[in-house]
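Worksheet: the structure to be examined is printed underneath.
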Amino acid sequence: MRLDHLSYAAGPDGLANTAQRIGGLLGRDFTDGGIHPRFGTRNMVLPLAQDTYLEIVEVLDHPASDKAPFGQAVRARSALGGGWLGWAVAVDDISVAEQRLGREAAQGSRHRPDGTELRWKQIGINGLMADPQLPFFLQWEVPADLHPSHGADDAYALACLEIAGDPLRVSEWLGEPVEAPLEDVKVDWVAPHGTPGVIAVQIQTPGGLVRL
């Protein structure tokens with residue numbers, strides 16, 4: 001289990017403008033990630049060091065976005081003005097999470113602009129919607145060289161996560177200590193009695209530390 005990526009819901013100015021704004025702060029452009037047909041969403045991505053990446057996602061005017069939990073979660077966060085949606089951990093065997101949560105993972109896919117299809121399974125979005133400090137789980141079904149972090153410039157790295165929540169609650173959700181997927185990332189747990197969720201993310205860039 002390891003930290004895979006962080007999801008940011010586009011604001012009212014839309015996906016491209018949100019990606020341009022955040023990319024401008026970081027000094028790095030996001031790339032078009034493609035459409036998630038089963039979720040009714042689309043994304044833009046920025047590879048980071050240590051096999052992680054940032055994802056900016058927006059909901060589409062598509063029936064799938066009303067049915068799929070991920071589409072519902074993105075729509076709800078964007079309706080609040082956009083911002084950090086949550087974090088995801090990658091696992092080797094998602095059946096462990098399926099057994100613990102008592103349901104099957106959803107199949108996910110998207111085609112990159114070059115036509116390459118990325119496939120994965122994910123579970124835990126309902127938990128994230130109920131308690132946004134909780135990550136969701138995914139198991140990639142593509143070779144490592146197709147993972148969205150591939151080709152990252154190591155000068156851009158996740159330095160710190162600021163999460164409002166309770167690490168014991170997150171550990172319970174993960175089924176193992178929260179330090180396991182976050183061993184290489186500094187985490188500041190803040191406001192344990194406030195509204196839970198990812199508050200901010202600090203990215204190390206060639207120009208210094210940027211807090212988003």
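Position 1 is the first residue of the sequence, and the numbers go up from there. All of these numbers come straight from a predicted model, not from anything done at the bench.
Taking the charged nitrogens against the carboxylate oxygens, Arg42 and Glu58 do have a contact shorter than 4.0 Å, which makes a salt bridge. Between Asp51 and Arg2 there is no salt bridge, since none of the side-chain N atoms of the basic residue sits less than 4.0 Å from a carboxylate O of the acidic one.
By the 4.5 Å heavy-atom criterion applied to side chains, Leu212 and Ile203 are counted as neighbours. Between Pro206 and Tyr156, the closest side-chain pair of non-hydrogen atoms falls below 4.5 Å. In this structure the side chain of Val190 reaches within 4.5 angstrom of the side chain of Ile199, judged on heavy atoms. Residues Thr52 and His5 have side chains not in contact (no heavy-atom distance under 4.5 Å, counting atoms from C-beta outward). Taking 4.5 Å as the limit, some side-chain heavy atom of Leu15 sits within range of a side-chain heavy atom of Met44. Annotation: side chain of Phe137 is in contact with side chain of Trp173 (closest heavy-atom distance under 4.5 Å).
In this structure a side-chain-to-backbone donor-acceptor pair under 3.5 Å is missing from Asp131 to Gly127. Using modelled atom types, one side-chain atom of Ser65 and one backbone atom of Leu60 make a donor-acceptor pair closer than 3.5 Å.
Residues Val142 and Glu117 come closest through the heavy atom pair CG1-O, 4.1 Å. Considering every non-hydrogen atom in both Leu128 and Gly86, the closest pair reads CD1-CA, 4.0 Å. Summarising the geometry of Ala9 relative to Ser78, their closest heavy-atom pair is CB-OG, 3.7 Å, with the distance given to 0.1 Å. Residues Leu174 and Arg100 come closest through the heavy atom pair O-NH2, 3.1 Å. Leu6 and Trp84 make their closest contact through CB-CZ3, 3.8 Å (heavy atoms, listed as atom of the first residue, atom of the second, distance). A pairwise comparison of heavy atoms in Pro177 and Pro181 identifies O-CD, 3.8 Å as the closest pair.
The hydrophobic clustering, which links ILVMFWY residues whose side-chain heavy atoms are closer than 4.5 Å, places Trp87 and Ile56 together. Connection of Val96 to Met1 is not established within any shared hydrophobic cluster, with ILVMFWY side chains joined at heavy-atom distances below 4.5 Å, either directly or through further cluster members. Clustering ILVMFWY residues whenever any of their side-chain heavy atoms sit less than 4.5 angstrom apart, transitively, puts Leu48 in the very cluster that holds Val89. In the hydrophobic clustering of ILVMFWY residues, with side-chain heavy atoms under 4.5 Å counting as a link, Leu134 and Leu168 come out apart. Residues Ile35 and Val74 do not share a hydrophobic cluster, defined by chaining ILVMFWY side chains whose heavy atoms lie under 4.5 Å apart.
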Subject >> CA sep, side-chain torsions, deciding dist, call: Leu118, Ser109, side-chain contact (heavy atoms from CB on, under 4.5 Å) >> reply: CA-CA 5 Å; Leu118 304 186; Ser109 68; over 6 Å; no

Original post:
Can Gln139 and Asp92 be said to form a side-chain contact (heavy atoms from CB on, under 4.5 Å), step by step?
Top reply: CA-CA 6 Å; Gln139 178 183 334; Asp92 294 327; over 6 Å; no

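Within the model, atoms CG of Asp66 and CG of Asp61 stand 8.5 Å from one another, a figure rounded to the nearest 0.5 Å. Here Asp154 contributes atom CG and Gln204 contributes atom CD; the two are 12.5 Å apart, rounded to the nearest 0.5 Å. For the atom pair CD1 (Ile94) and CG (Leu101), the distance works out to 9.0 Å, reported to the nearest 0.5 Å.
Screening Val57, Thr18, Val201 for a side-chain contact (heavy atoms from CB on, under 4.5 Å) with Tyr8, the sole residue that qualifies is Thr18. With Gln107 as reference, Glu141 is the one residue of Lys121, Gln122, Glu141 to meet the side-chain hydrogen bond (donor to acceptor under 3.5 Å, both in side chains) rule.
With a 6.0 Å radius and a threshold of 12 heavy atoms from other residues, nucleotides or ligands, Asp153 has its CG atom above the threshold.
Defined by atom type and a distance below 3.5 Å, a donor-acceptor pair is present between the side-chain atoms of Thr41 and His36.
Between His150 and Tyr53, the ring center distance fails the sub-6.0 Å criterion.
Using the six-membered ring where Trp is involved, Trp140 and His147 have ring planes that are perpendicular, over 60° apart on the 30 and 60° scheme.
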